[in-house]
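So the structure is just underneath, and the comments pick up after that.
Sequence lines set the chain letters: A, B, ... in the order given, protein chains first and strands last, and positions in each chain run from 1. Worth knowing before you read on, the calculation uses all heavy atoms, side chains too, and leaves out hydrogens, waters and symmetry mates.
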Amino acid sequence: MSTRRRRSIFEIISEYYDSLEEMAEQIEETLFERPSWNQKACTIEPLRDVTVTPKEVIVTVDLPYTEENTVQVKPLSKNTIEISAEMRRKIRFDDFGITHYKGEFQKFHCQTRIPVPVFMEKMEVQFKRGILEIHLPRKHEHTISME
Amino acid sequence: MSDEVKIIEKKEIPSGAIMLYGFPDVGLVGVIAASHLISEFKGLGEVAYMDSKLLPPLIVLHEGLPHSPIRIFGNHNVLLAVSETAISADTIYPIMNALIDWGKSKDVKVMISLSGIPIQDRQNVQELKVFAAASTPEMLKMVKEKGTEIMNEGYMVGPQAIMLQQCAKTGLPAITLLAQCFPNYPDPEAAAEVLKELEKITALKVDVSKLLDKGEEIRLRARDVMRRTQQEMSKMKKTQEYDIPLYVS
């Protein structure tokens with residue numbers, strides 16, 4: 001008779017995290033598989049990075065050719081922000097030697113999902129040497145007290 | 001050289017040259033530095049390219065003509081291996097092994113990979129440090145004597161790690177130069193720092209002023225290569241470079 005080994009809670013959690021990680025990677029790859037520019041809207045999608053710390057979520061965005069006073073960050077919902085910024089000059093495909101596409105871009109635009117609950121209204125924004133840094137304090141909705 | 005990766009020579013290759021590597025990695029430091037070397041060094045033309053079914057099914061078009069994404073540029077004293085596409089984790093070993101074997105067959109003096117080491121809060125760091133690691137104690141001593149800081153302990157992940165490991169295995173002199181950089185954004189300033197350190201070690205004079213002047217243009221242009229590189233870096237667990245190693249003595 002075969003016996004089934006009971007899995008420990010740590011194994012179950014570890015497997016759950018592995019499957020979540022795999023799923024996140026697949027979603028990320030699907031999202032990546034599109035051009036980083038939108039010809040119709042004349043926008044370029046900037047590179048960005050989201051870091052979650054115990055106290056806050058920090059979103060950084062690489063915005064070369066951008067003036068600070070044109071940068072806009074808007075909360076779209078409780079977990080999504082929209083970032084846009086004007087470039088100092090128009091960028092054409094020709095500038096990069098590309099002749100098989102036509103179009104020009106003067107704006108960065110993207111939407112970013114915030115992975116944990118945050119206080120959108122307490123958002124702080126800094127712009128330093130072409131890098132936008134957005135700080136969002138975390139909202140700890142559920143805490144488990146240890147007895 | 002393995003059958004699955006071939007290096008096709010287009011011109012006569014000098015022997016006894018310095019072989020440099022500029023591969024996509026954090027901050028695209030190596031690729032940006034390599035691209036600047038190609039534009040600065042007169043006569044650094046394509047001398048060989050990689051042909052392999054392990055590479056993604058792509059070609060790079062330059063002035064309407066197809067090129068391999070991995071090419072070797074060279075002049076009388078420098079060979080420079082550059083990749084214009086991110087290399088996937090499962091092909092790094094055969095690709096690097098083929099390049100190292102090829103370099104060895106050309107009696108290269110030393111192999112030097114140009115790369116980066118990611119730092120948090122990079123946007124607030126003005127003066128970037130460059131660290132080095134070497135394949136042999138003699139090379140490490142030489143690098144130290146030139147005044148380059150050594151990366152004493154830690155993890156290294158990616159093409160430069162394999163280069164160092166393979167060269168250490170076969171006793172080939174090799175150095176990896178790592179400039180502090182953004183993990184996920186193209187970093188021309190870090191590329192300039194790594195080139196300054198290269199000059200200290202090899203006496204290859206490189207003017208980095210144009211690289212710094214064109215910084216914003218490079219950051220814009222390199223976005224797509226950076227995105228693809230990010231995907232590959234996450235697959236090869238690049239963040240392990242932040243880890244604190246456990247040495248058991």
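Residue contact with chain B, scored on non-hydrogen atoms closer than 4.5 Å, involves the side chain of I91(A) exclusively. Heavy atoms of D224(B) lying under 4.5 Å from chain A belong exclusively to its side chain. In this structure, the portions of T60(A) lying under 4.5 Å from any heavy atom of chain B include both its backbone and its side chain.
Here CG of L177(B) is found 6.0 Å from CG of L114(B). Values are rounded to the nearest 0.5 Å. Taken from CD in Q230(B) to CG in L28(B), the straight-line distance is 9.0 Å, to the nearest 0.5 Å.
Across every non-hydrogen atom of D25(B) and G116(B), the tightest pair is OD2-O, 4.1 Å.
Here the two rings, on F105(A) and F93(A), have centers that are under 6.0 Å apart.
Counting heavy-atom pairs under 4.5 Å between each of E63(B), M226(B), E217(B) and chain A puts E217(B) at the top. With respect to chain B, the highest number of heavy-atom pairs below 4.5 Å among E133(A), M87(A), R129(A) belongs to R129(A). Heavy-atom pairs under 4.5 Å with chain B peak, among Y65(A), W37(A), F108(A), at Y65(A). Ranked by non-hydrogen atom pairs under 4.5 Å with chain A, the options N124(B), L61(B), I218(B) are led by N124(B).
One finds a salt bridge joining E40(B) and K210(B) here, because a Lys/Arg side-chain nitrogen approaches an Asp/Glu carboxylate oxygen to under 4.0 Å.
The only option from Q180(B), R122(B), R219(B) that meets the side-chain hydrogen bond (donor to acceptor under 3.5 Å, both in side chains) definition with D187(B) turns out to be R122(B).
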